[in-house]
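First up is the structure itself, then whatever we jot down about it.
Order of the sequence lines sets the chain letters (A, B, ...), proteins ahead of strands, with each chain counted from 1.
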Amino acid sequence: MSGIESVEPRIRRIRLVALAAGLAAVASGIVAALFQPSQFFRSYLIGYTLLLGTALGSAGLLMLHHLTSGYWGLITRRIFESAARTLPLIAVFTIPLLFGLSHLYAWTNPQTVAADPLLQVKQFYLNTPFFLVRQLVYFLIWILVALSLTKWSARQDASDDPFVLERLRFFSGPGLLLYCLAITFAAVDWVMSLEPHYFSTTFGFRLITGHAVSAAAFAIAVAMLLSSIDPIAPLINRKRLRDLGNILLTLIMLWAYIAFTEYLIVWAGNIPEETSWFIRRFHAGWGAFAWFLIIFHFFVPFFFLLQRSVKHRPLMLAGVALWLLLMRWSELLWIVGPVHHQGFFVHWLDIVVPAGLAGIWLAVFLHQLTRRPLVPVYDPLLREPVDGESRVTA
Amino acid sequence: MRERYGFMAEFDDPRLLADAAGAAYREGYRKMDAYSPFAIEGLDEALGLARTKIPFVFLIMGIAGAVGGFLLLYYISVVYYPINVGGRPLNSWPAYIPISFELTVLSAGTIGFLALLIINRLPMPYHPVFNSASFAKHASNDRFYLCIEADDPLFDPDRTRDFLMGLNPMGVIELEK
């Protein structure tokens, strides 16, 4: 076993490479944007929602951990906190998108709205000034919640103050509620309004479950890759590995359940404004891609994560988690892509721009992660007597 | 004295129990069991226990519930009582999924639970280990026990007792059947 110092040079190298590659990819995207601005903004939106979802999901799971406790959160808490602390960076990522609103959203075009009675009715909500105000409010809420949570948590490292956890718990209940409300509205703004005729009350929650999958998968992948490093290594045993695997399993089941519910309700209602959204996504190439998602975002990881032999192996678990992150990207492509393309279509920008944004984001995340101990050193869970499960080796 | 059930060593530390179970297995004892107030990681392997079949029962019954539920709905809505609902096809599978899912859970849960009782031979109103007053008081609280049963082929009253004494127990209890 060795401490974080032993891998620090490697982490620093990864950070530099991620940052350089990310900047280069985004720069090449911007050059391409001069020729194909619409495509650039669509690709950017996919990357943006993926990273926003991972950061928001991390803050959400962090609050869930403060409310429910448990070793799973002890292992992943600093990873969630570091990911949540990237929200200011994601607020910066929003700025370029604001210049692309007219490329992305039909409701920003006065001529389209004038010809469309439905859009006129929706105009009190879907208009650019109000849209901008809402984004400001969301980010104020998100950043305030994320920074307060992590600031108090840092205070716990400095002093053995038992009231810090009390306060975190007290804050997390209302915090989680406010958070999910803001995400629901943001999901309507950024993603659902791409097709302004479509409406689904479960759309926000469907994205929230996706965020939770992204965040858990990301945190588990990072924790597993660091699982031989000192403050984490002694916390890892088979039972806790199973717990982490089972959390991922539960979250993909929740995602599948909500995604299917949305489909079932629209299918049963059979109203043109709603079914057309799914018809576009289940035909002409996108249909095959939808089955790909059902199989590889749900069934295959589901059967992998049922196996104890997968959950007991940190690297296997990390592999499944990384695969799920790729599936998160795929689902966003499936949601955003069909708005403008009849048949299945991946532009090279859909890969390069999200990857570039992810590189920059990863560099900032690693910077946050290495600033503090990898595990909250004064957490009472660390002081609990050996519970038999933890250390006995026969 | 009535027939002997076995010898049981009493420990005050879960680690000692796990080590003792490993030692007894290496010594060649097979008909033995360990008793602990909570699960101890690695104890199953130390005792040489085969992996439990419960998850397999759950899986099979879950699949049976899913397939059965789907076929039930298919039979009702396509074969037995076909009804035209808003022009939808008779085999409207999306509507079958929730009930198939619920039957998966119901079938796996109830039959899995029954299998759990049967495999563990529960309910069991009598077990010789409770003939020890210390066991009855501490086994689900703060002590750990390893019992080697008399019908193990290697069981020998003197040697088995000495072997257990050599594992640093608080004491060795002789159990009646």
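- Between Tyr263(A) and Trp93(B), the angle of the ring planes stays under 30°, which puts this pair in the parallel group of the 30/60° scheme.
- Heavy-atom minimum distance, Leu264(A) versus Pro94(B): CD1-O, 3.2 Å.
- The local environment of CZ in Arg30(B) is crowded, with over 12 non-hydrogen atoms from other residues, nucleotides or ligands closer than 6.0 Å.
- For Ala95(B), the parts sitting under 4.5 Å from any heavy atom of chain A are the backbone and the side chain alike.
- In this structure, Arg280(A) places its CZ atom where more than 12 heavy-atom neighbours from other residues, nucleotides or ligands lie under 6.0 Å away.
- Within 6.0 Å of CD1 in Ile99(B) there are 12 or fewer heavy atoms belonging to other residues, nucleotides or ligands.
- The closest donor-acceptor contact from the side chain of Arg238(A) to the backbone of Gly42(B) lies at 3.5 Å or more, if one exists at all.
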Enumerate donor-acceptor pairs with a distance under 3.5 Å from any side-chain N or O in residues 114-130 of chain B to protein atoms, sequence neighbours excluded.
unit_1    : atom_1 : unit_2    : atom_2 : d
Asn120(B) : ND2    : Leu116(B) : O      : 3.0
Tyr126(B) : OH     : Asn131(B) : ND2    : 3.1
Tyr126(B) : OH     : Lys177(B) : O      : 3.2
His127(B) : ND1    : Val129(B) : N      : 3.3

